[in-house]
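Notes to accompany the following structure.
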Amino acid sequence: MDYVTAVHFNRDSSLIVSCALDGLIRIWDTSNSQCLKTLAEGHDAICQHVQFSPNSKYILSTAHDNAIRLWDYQTTRCLKTYTGHTNSKYCISACFSVTGGKWIVAGSEDNKVYIWDLQTRQIVQILEGHTDVVVAVAVSSQPSYETQQTLTPPQTHPLQNTIATGSIDSDLSIRIWSDRGPNHVG
């Protein structure tokens with residue numbers, strides 16, 4: 001096993017997904033530390049980032065082959081591939097956004113942030129404003145009715161859907177991108 005580049009818990013913390021420079025994605029049982037499944041990222045693709053979907057049914061991965069993949073980890077099948085951004089050198093993160101639709105959000109080596117429609121794989125928006133490689137993304141969205149009923153709500157912004165992005169070297173900034181909705185004035 002090569003060195004690990006990312007880890008992420010599933011919704012109930014019963015599983016951990018990890019990825020490593022060997023291109024393998026592993027699913028671990030947290031109760032006994034056993035590797036349950038192994039997914040192969042692809043030919044010579046260095047896996048850099050992994051994340052469970054909010055419902056814990058899927059895994060999102062990024063690799064140095066300019067692709068983001070959506071996996072069904074139960075069947076070990078790659079279901080969808082998202083392209084259009086640049087990712088061949090740096091560890092670029094990607095995440096799910098499930099408010100007002102289902103989206104994939106990722107940074108890019110062309111200093112932009114890309115948003116794809118999860119189902120169609122089409123780029124629906126490109127955010128520009130960084131002056132260097134965008135390596136980090138995080139999404140905070142309004143909680144759904146279902147989430148509001150749980151005892152431990154997720155980290156959310158109370159008034160708006162928000163994307164935070166971070167870049168490297170000459171930029172070294174964090175940018176906040178907010179969707180205040182169609183009825184926002186001002």
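This one's a predicted model, so the numbers in the text were calculated from it and none came from an experiment.
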- Worked check of side chain to side chain contact (heavy atoms under 4.5 Å, CB included) between Leu15 and Trp28: CA-CA 5 Å; Leu15 300 173; Trp28 303 88; over 6 Å; no
- Task: Test side chain to side chain contact (heavy atoms under 4.5 Å, CB included) on Trp71 and Ile25 and set out the steps.
- Result: CA-CA 10 Å; Trp71 299 87; Ile25 300 167; 3.7 Å; yes
- Query: When you look at Ile68 and Thr81, which way does the side chain to side chain contact (heavy atoms under 4.5 Å, CB included) test go after all the steps?
  - Reply: CA-CA 6 Å; Ile68 299 168; Thr81 302; over 6 Å; no
- Test log, rule side chain to side chain contact (heavy atoms under 4.5 Å, CB included), inputs Asp117 and Lys102: CA-CA 6 Å; Asp117 180 290; Lys102 295 189 185 330; over 6 Å; no
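When only modelled atom types and interatomic distance are considered, Asp29 and Ser33 share no side-chain donor-acceptor pair under 3.5 Å. In this model, a donor atom of one side chain and an acceptor atom of the other lie less than 3.5 Å apart for Asn87 and Gln48.
Taken from CD1 in Ile27 to OG in Ser18, the straight-line distance is 7.5 Å, to the nearest 0.5 Å.
Membership of the apolar cluster around Ile92 extends to Tyr90, Val133, Val135, Ile168, as traced through chained side-chain contacts below 4.5 Å between ILVMFWY residues.
Contact check for Arg69 versus Lys80: no side-chain heavy atoms found under the 4.5 Å cut-off. Side-chain contact check for Phe96 versus Leu118: some heavy-atom pair is nearer than 4.5 Å. Looking only at side-chain heavy atoms (C-beta outward), Lys57 and Asp72 stay at 4.5 Å or farther from each other.
Classified by interplanar angle (parallel below 30°, tilted 30° to 60°, perpendicular above 60°), the ring pair His8/Phe52 is tilted.
With sequence neighbours left out, His130 forms a side-chain hydrogen bond (donor to acceptor under 3.5 Å, both in side chains) with Thr165, Ser167, Asp171, Ser173.
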